[in-house]
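After the structure tokens below, expect a handful of questions from me.
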Amino acid sequence: MTTFNLLVSNIVNSFGVGTIPSDDLNWIGKAISWIFELFQGYGSVALGVLVFTLLLKTLVLPLDIYSRVKTKKQSLLMENMRPQMEKLQKQYANDRNMYSQKVMELQKANGYNPLGACLPMIVSLIIFMVVFSSFSTYSNYATLRDYNSMVEAYNASVVRYVRVDDNDNNPEHFLVGEDNVYAVDFETFVNLYEPWYNETHKNDEGGAKTFAELGFDLLDESGKWEHVITFVQLNAREAVVEWYKANKAATEFLWIGNMWYPDSPLNHKVPDFNNFSSAVARAVGVGATAAYEDDYNEVTFNLTAEKNKPNGYFVLIVLAIGLMFLQQFIMMRTQKAANELSSVDGSAAKTTKWMMIVMPLIFGVVSFFYSAAFSVYMITNTLYGLVSTLIINKVVSVKFAKNGGNSGKGRPTNKAKRLK
């Protein structure tokens with residue numbers, strides 16, 4: 001077995017290509033990997049993203065509920081204080097400091113706490129940022145993993161022609177070992193190569209020679225080796241295509257060819273080496289250097305059509321931006337009173353409007369550099385948030401009205417009544 005292993009190693013080094021090493025994922029990345037690879041086994045990365053997002057949102061749902069309930073209650077309290085707040089705005093229009101002081105007194109008297117919903121929101125934001133980073137890393141890790149799987153398919157095709165030992169009579173095994181290096185049993189090779197050669201050349205234009213006309217036996221050692229190399233190489237390339245066809249469905253989603261790349265015509269189902277190198281850099285910290293370029297082009301040689309086919313058409317990116325605008329609009333409406341009355345001149349409302357525009361646009365720019373899988377995550381995440389927000393707002397509004405227009409902790413204090 002040692003001799004055989006050495007022989008295989010020598011043959012792979014000569015005919016095959018090398019994989020690109022990668023670092024291990026952290027525990028969050030491994031959790032993401034477990035879920036995605038589970039559903040990839042069922043043929044849908046997109047379904048894995050959907051399940052992962054729903055699980056994560058359900059996990060942080062108590063924080064979201066607390067934050068949204070608190071935010072809505074505070075907004076309703078602020079709306080109740082609107083007459084007094086507007087009166088203070090007119091009274092202290094030229095004295096911001098005094099306005100802020102009077103507002104704080106009024107808010108305290110009515111049980112309003114502008115920071116009440118902040119802590120859960122901060123915790124949720126931290127969780128989002130951690131998952132965002134791990135999600136992005138895994139997308140690039142998956143790109144590298146899929147390439148290495150194609151490399152393994154390529155090399156496996158090479159190894160299939162290796163003779164195991166001297167008693168191996170397999171008619172496909174023409175690569176043989178001599179003193180721990182490899183040679184060719186040309187008689188066995190010709191028996192395998194001749195029908196393949198005639199089949200692949202019979203439709204060539206220009207009167208391609210048949211194998212008999214080729215005069216293989218008359219070629220020198222170098223000429224024969226060229227045919228050996230061509231035969232092994234072409235079959236290895238085809239093995240990569242077979243692997244790709246067997247696995248591509250899992251990373252496809254409707255019009256998207258590869259979920260690990262952006263939904264954009266600027267990207268392709270199979271990236272060129274430069275885009276692939278950038279993804280590898282984000283996955284392992286360093287890019288696939290120029291030393292890997294020839295290997296990459298060789299492995300993906302028969303995937304030229306996929307290298308030229310757009311990976312998407314911005315649909316998910318536009319949809320995600322649109323839903324984020326809607327989410328920002330609902331949040332702005334929910335906190336309308338707070339935005340209009342928290343500053344003496346109403347400038348807070350203008351700032352909020354700008355944030356409503358800027359935040360989705362920032363995400364839109366980011367989406368051009370991150371995978372379609374991440375866009376699916378953001379769409380699912382936003383839809384979940386929109387539905388839960390609408391439900392929570394409705395429940396809190398009804399309960400608030402039943403409690404006589406206060407937070408549910410009792411009637412306004414005497415001090416609050418005096419301030420009115």
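What you see is a predicted model; the values in this text were computed from it and never measured.
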Mind listing the closest non-hydrogen atom pair of Ala46 and Phe253 along with its distance? CB-CD1, 3.4 Å
Taking the side chain from Asn311 and the backbone from Pro265, do they hold a donor-acceptor pair closer than 3.5 Å? no
So how far is it from Ser375 OG to Met259 CE, rounded to the nearest 0.5 Å? 8.0 Å
Fit a plane to each ring of Tyr377 and Phe52, take the angle between them on a 0 to 90° scale, and name the class: parallel (under 30°), tilted (30 to 60°) or perpendicular (over 60°). tilted
Strictly distance-based, threshold 3.5 Å: is any side-chain N or O of Thr137 a donor or acceptor partner for the main-chain N or O of Ser133? yes
Closer than 3.5 angstrom, by distance alone: can the side chain of Thr230 be matched with the main-chain N or O of Glu226 as a donor-acceptor pair? yes
Taking every non-hydrogen atom, the tightest pair across Pro271 and Tyr296: O-OH, 2.6 Å
Sorted by first residue and then second, give each salt bridge (Lys or Arg N to Asp or Glu O under 4.0 Å) pair with at least one member in residues 254-281; sequence neighbours left out. Glu252-Lys269
Nearest-0.5 Å distance, OG of residue Ser157 to CZ of residue Arg160: 5.5 Å
Is a side-chain N or O of Thr380 found less than 3.5 angstrom from the main chain of Val376, in a donor-acceptor match? yes
With a cut-off of 6.0 Å (strictly less than), are more than 12 heavy atoms of other residues, nucleotides or ligands near CH2 of Trp34? no
Please find the pair of heavy atoms, one from Ile392 and one from Ile65, that lie closest to each other, and give the distance. CD1-CA, 3.9 Å
Backbone N/O of Val130 and side chain of Ser134: donor-acceptor pair under 3.5 Å: yes
Please round to the nearest 0.5 Å and tell me the distance separating atom CG of Leu88 and atom CG of Leu106. 6.5 Å
Spell out, as yes or no, whether a donor-acceptor pair under 3.5 Å connects the side chain of Thr300 to the backbone of Leu303. no
So, taking the atom named CD in Glu187 and the one named CG in Leu192, what distance separates them when rounded to the nearest 0.5 Å? 13.0 Å
Can you confirm if the NZ or CZ of Lys224 lies within 45° of the ring axis of Phe186 and under 6.0 Å from the centre of its six-membered ring? yes
Heavy-atom distance under 4.5 Å between the side chains of Leu175 and Arg163, does that happen here? no
Could you go through residues 234-250 and list every donor-acceptor pair under 3.5 Å that involves a side-chain atom there, pairing it with any protein atom two or more places apart or in another chain?
| unit_1 | atom_1 | unit_2 | atom_2 | d |
| --- | --- | --- | --- | --- |
| Asn235 | ND2 | Phe231 | O | 2.8 |
| Arg237 | NE | Glu298 | OE1 | 3.3 |
| Arg237 | NE | Glu298 | OE2 | 2.9 |
| Arg237 | NH2 | Gln233 | OE1 | 3.4 |
| Arg237 | NH2 | Glu298 | OE1 | 2.8 |
| Asn247 | ND2 | Trp243 | O | 2.7 |

Is any side-chain heavy atom of Val270 closer than 4.5 Å to one of Asn258? no
For Tyr161 and His173, which I'm curious about, is there any donor-acceptor pair between the side chains at under 3.5 Å? no
Can you tell me how far the CD1 atom of Ile321 sits from the CG atom of Leu361, to the nearest 0.5 Å? 6.5 Å
Closest heavy-atom pair and its distance - Phe273, Asn297: CB-OD1, 4.4 Å
Please check this pair: side chain of Thr143 against backbone of Ser139, looking for a donor-acceptor N/O pair closer than 3.5 Å. yes
Below 4.5 Å, heavy atoms only, C-beta onward: do Val176 and Val184 meet side chain to side chain? no
Enumerate the salt bridge (Lys or Arg N to Asp or Glu O under 4.0 Å) contacts for residues 139-149, please, sequence neighbours excluded, ordered by first and then second residue. Glu37-Arg145
Applying side chain to side chain contact (heavy atoms under 4.5 Å, CB included), run through Asp295 and Tyr147 and close with a yes or a no. CA-CA 11 Å; Asp295 281 354; Tyr147 169 71; 4.0 Å; yes
Checking Leu59 against Leu55 for the side chain to side chain contact (heavy atoms under 4.5 Å, CB included) test, could you report, in this order, the C-alpha distance in whole Å, the side-chain angles of both residues, the deciding distance, and whether it holds? CA-CA 6 Å; Leu59 180 65; Leu55 286 174; over 6 Å; no
Criterion side chain to side chain contact (heavy atoms under 4.5 Å, CB included) on Phe39 and Ser44, from CA distance to verdict: CA-CA 6 Å; Phe39 283 92; Ser44 179; 5.6 Å; no
Nearest non-hydrogen partners of Tyr292 and Pro21, listed with the distance: OH-CD, 3.8 Å
4.5 Å side-chain heavy-atom contact, Ser371 and Tyr261: no
Ring centres of Tyr193 and Tyr197 under 6.0 Å apart? yes
Roughly how far apart are Met324 CE and Asn381 CG, rounded to 0.5 Å? 9.0 Å
Val49 versus Thr53, closest heavy-atom pair with distance: O-OG1, 2.7 Å
Do the side chains of Tyr141 and Trp260 get nearer than 4.5 Å, heavy atoms only? no
Student check: side-chain heavy atoms of Lys57 and Asp64 closer than 4.5 Å: yes
Between Thr58 and Tyr384, is there a side-chain heavy-atom distance shorter than 4.5 Å? yes
Apply side chain to side chain contact (heavy atoms under 4.5 Å, CB included) to the pair Gln84 and Lys87, showing each step before the final yes or no. CA-CA 5 Å; Gln84 297 94 315; Lys87 182 178 178 181; 5.5 Å; no
Side-chain touch Thr188/Pro171, heavy atoms, less than 4.5 angstrom: no
With no hydrogens and no angle check, is any side-chain donor or acceptor of Ser388 less than 3.5 Å from a backbone partner on Gly385? yes
